[in-house]
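Below is one structure, written out as structure tokens; the observations come after it.
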Amino acid sequence: MKVYNTLTGEKEDFIPLAEGRVNMYVCGVTVYDHCHIGHARSAIVFDIIQRYLKYKGLDVKFVRNFTDIDDKIINRAKKEGIPWNEVARKYTEEFYRDMDRLGVARADIEPKATEHIGEIIGIVKGLIDKGYAYESEGSVYFSVNKFAEYGKLSKRDKEDMIAGARVDIDERKRDPMDFALWKASKEGEPSWESPWGTGRPGWHIECSAMSIKHLGETFDIHGGGADLIFPHHENEIAQSEAFTGRPFVKYWVHNGFITIDKEKMSKSLGNFFTIKEVLNKYDPEVVRYFLLATHYRSPIEFSDEQLKEAEVSIDRYYTTLARIADFLSRAETAAKPAAAEKAFEVFVNLFKDKFHTAMDDDFNTALALGNIFELIREVNRFLDANPSGQQANELVSRAKELLSEAGKVFNIFNRTPEEWQAVLMKTKEIHLTEKDILDKISQREEARKRKDWAAADAIRKELDEKGVILEDKKEGTVWKIKAG
RNA sequence: GGCGGCGUACCCAAGUGGCUAAGGGAGAGGUCUGCAAAACCUUUAUGCAGCGGUUCAAAUCCGCUCGCCGCCUCCA
């Protein structure tokens with residue numbers, strides 16, 4: 001298995017520190033507002049990585065934190081006129097609401113910054129003792145110059161950054177690049193007792209404290225959005241390695257952004273859609289598919305068109321699944337020679353390897369989805385050949401199992417075709433009941449018996465305009481909701 | 001300005017040295033059908049931003065040019 005490591009800038013063989021075990025930490029969210037679709041991408045990317053590693057039989061310990069104390073939370077509390085911890089509680093709940101809908105699994109451990117103040121203070125003290133940090137007016141700063149390897153993750157050197165001259169000048173800092181480990185609290189702000197007076201943790205230190213506590217001083221994977229590379233993850237490395245004297249993380253994994261009109265979606269630009277807004281129009285499965293159809297490190301342009309295509313793709317899956325169910329329910333045992341059988345068997349046998357190869361190559365979900373649709377085509381092609389007999393049934397059953405297994409890793413494709421129709425009915429806002437549709441179908445049946453094609457076609461057209469498609473089969477007419 | 005990334009068909013998107021450049025959508029033609037739909041088949045990049053170079057061999061490596069984006073400030 002290969003994983004792209006931001007630290008080395010290369011795809012590397014993935015070799016866990018302890019055989020068969022993977023410790024991974026992913027930066028979660030600061031709970032001060034509703035999440036947007038960019039947060040969803042990060043959550044889904046690491047959800048799939050985590051699921052795939054577990055699927056491969058690795059013993060994964062997955063930690064995803066909540067930043068529940070921070071300037072933004074404090075500001076939000078002022079704005080809403082509620083206590084800061086109420087803001088954190090409220091948006092933690094909203095986070096779970098969104099993630100549950102998106103099918104993002106809970107992490108094995110979900111620590112909060114405020115529950116690790118003791119550990120944070122311990123590390124800050126340790127850093128002062130070792131000469132990496134200093135106290136100034138009740139705050140504590142990390143001295144970047146003391147850490148020789150500073151910049152190794154984001155590939156920049158201190159001189160360049162200072163030349164960039166966008167670092168904030170703060171008189172309390174000895175060097176403009178230094179960053180806060182502990183912030184002295186102002187009157188009325190949330191605070192905790194510390195050796196340097198009352199204050200609260202800086203942003204970066206919490207992740208060091210929580211990851212080290214739950215995963216040890218060195219662990220396998222640390223993930224997050226690419227915008228965290230600098231300064232957040234760079235600072236985490238500096239603090240952690242200065243404190244423990246050991247390498248902090250073996251593989252740094254970062255997901256790309258979601259863009260709108262080619263620009264990064266962000267709160268400050270205001271060009272974002274919340275998860276809730278998107279889920280009003282599209283089913284979570286569609287959103288997951290949309291995000292997985294592009295490699296996790298590439299940017300994804302957010303667009304209605306692409307979401308609709310994702311919906312059509314998923315519809316193709318369920319249409320095939322319905323065909324499979326139909327075929328299996330007929331289960332003819334009398335074997336009829338099917339020329340296509342051998343070729344189909346070869347294809348079915350190859351699928352799992354192809355799926356694994358794709359996912360083993362830096363979690364190439366886009367390629368894996370391509371493999372899935374190749375299998376879908378082969379299934380349809382095989383069914384078109386009107387196969388029969390036990391061998392054919394077994395092959396089709398196996399194909400169905402394989403699709404379902406792959407779907408499990410992505411946490412998509414796990415409904416029945418009927419459930420999928422219900423989903424479309426809801427998201428497409430079809431204002432017809434099943435009875436309405438069935439009545440129309442029987443009216444059309446009458447017309448068809450009379451060979452009154454004009455009347456029959458008029459009914460079909462009427463339903464089509466309302467988003468319902470009719471399919472005439474030998475056994476009768478079935479209906480489905482138009483996807484896309 | 002510094003550092004990093006991207007540019008593959010009408011659209012989206014895999015592919016980072018070597019078999020016919022995955023897959024999805026859209027279009028065209030066909031099989032099936034009363035007609036459709038679904039499904040399948042055929043078709044749509046002798047070419048991967050452009051120009052050079054390395055190599056027996058390049059979308060894939062190197063250089064330059066053009067265009068777009070990201071990070072350097074909170075940010076998934």
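FYI, side chains are in, hydrogens and waters are out, and symmetry mates aren't considered; it's all heavy atoms of this structure.
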ask   = For B:rC40, does either OP1 or OP2 sit under 4.0 Å from a side-chain N or O belonging to A:R316?
value = yes

query = Would you say the side chain of A:D71 and the base of B:rC74 hold a donor-acceptor pair, judged only by whether the two atoms sit under 3.5 Å apart?
reply = no

query = Would you say a side-chain N or O of A:K264 is under 4.0 Å from OP1 or OP2 of B:rC71?
reply = yes

request  = Searching all strands shown, indicate the nucleotide that pairs with B:rA13 (Watson-Crick or G-U wobble; both distances under 3.5 Å).
outcome  = none

inquiry  = Looking at A:E374 and B:rG23, is any side-chain donor or acceptor paired with a base atom of the opposite kind under 3.5 Å?
reply    = no

ask   = What nucleotide, of B:rA76, B:rA38, B:rC11, holds the atom closest to the side chain of A:I258?
value = B:rA76

request  = Would you please test A:Y91 and A:H34 for ring pair (Phe, Tyr, Trp, His ring centres under 6.0 Å) and show each step?
outcome  = CA-CA 6 Å; A:Y91 290 107; A:H34 293 285; 5.4 Å; yes

message = Tell me whether the side-chain N/O atoms of A:N380 come closer than 4.0 Å to OP1 or OP2 in B:rA38.
response = no

inquiry  = Can you check the distance between B:rA58 and B:rU20, where both ends of the measurement are the P atom (answer in whole Å)?
reply    = 14 Å

query = Would one find a side-chain N or O of A:R381 under 4.0 angstrom from OP1 or OP2 of B:rC41?
reply = yes

task = Give one of base, sugar-phosphate or nothing for A:G256, where a contact means two heavy atoms less than 4.0 Å apart.
result = base

request  = Assign A:G38 to base, sugar-phosphate, or nothing according to its heavy-atom contacts below 4.0 angstrom with the strands shown.
outcome  = base

request  = Give a yes/no on whether any side-chain N or O of A:R377 is located under 4.0 angstrom from OP1 or OP2 of B:rG23.
outcome  = yes

request  = Would you indicate which nucleotide in B:rG24, B:rC35, B:rA13 comes nearest to any side-chain atom of A:F373?
outcome  = B:rG24

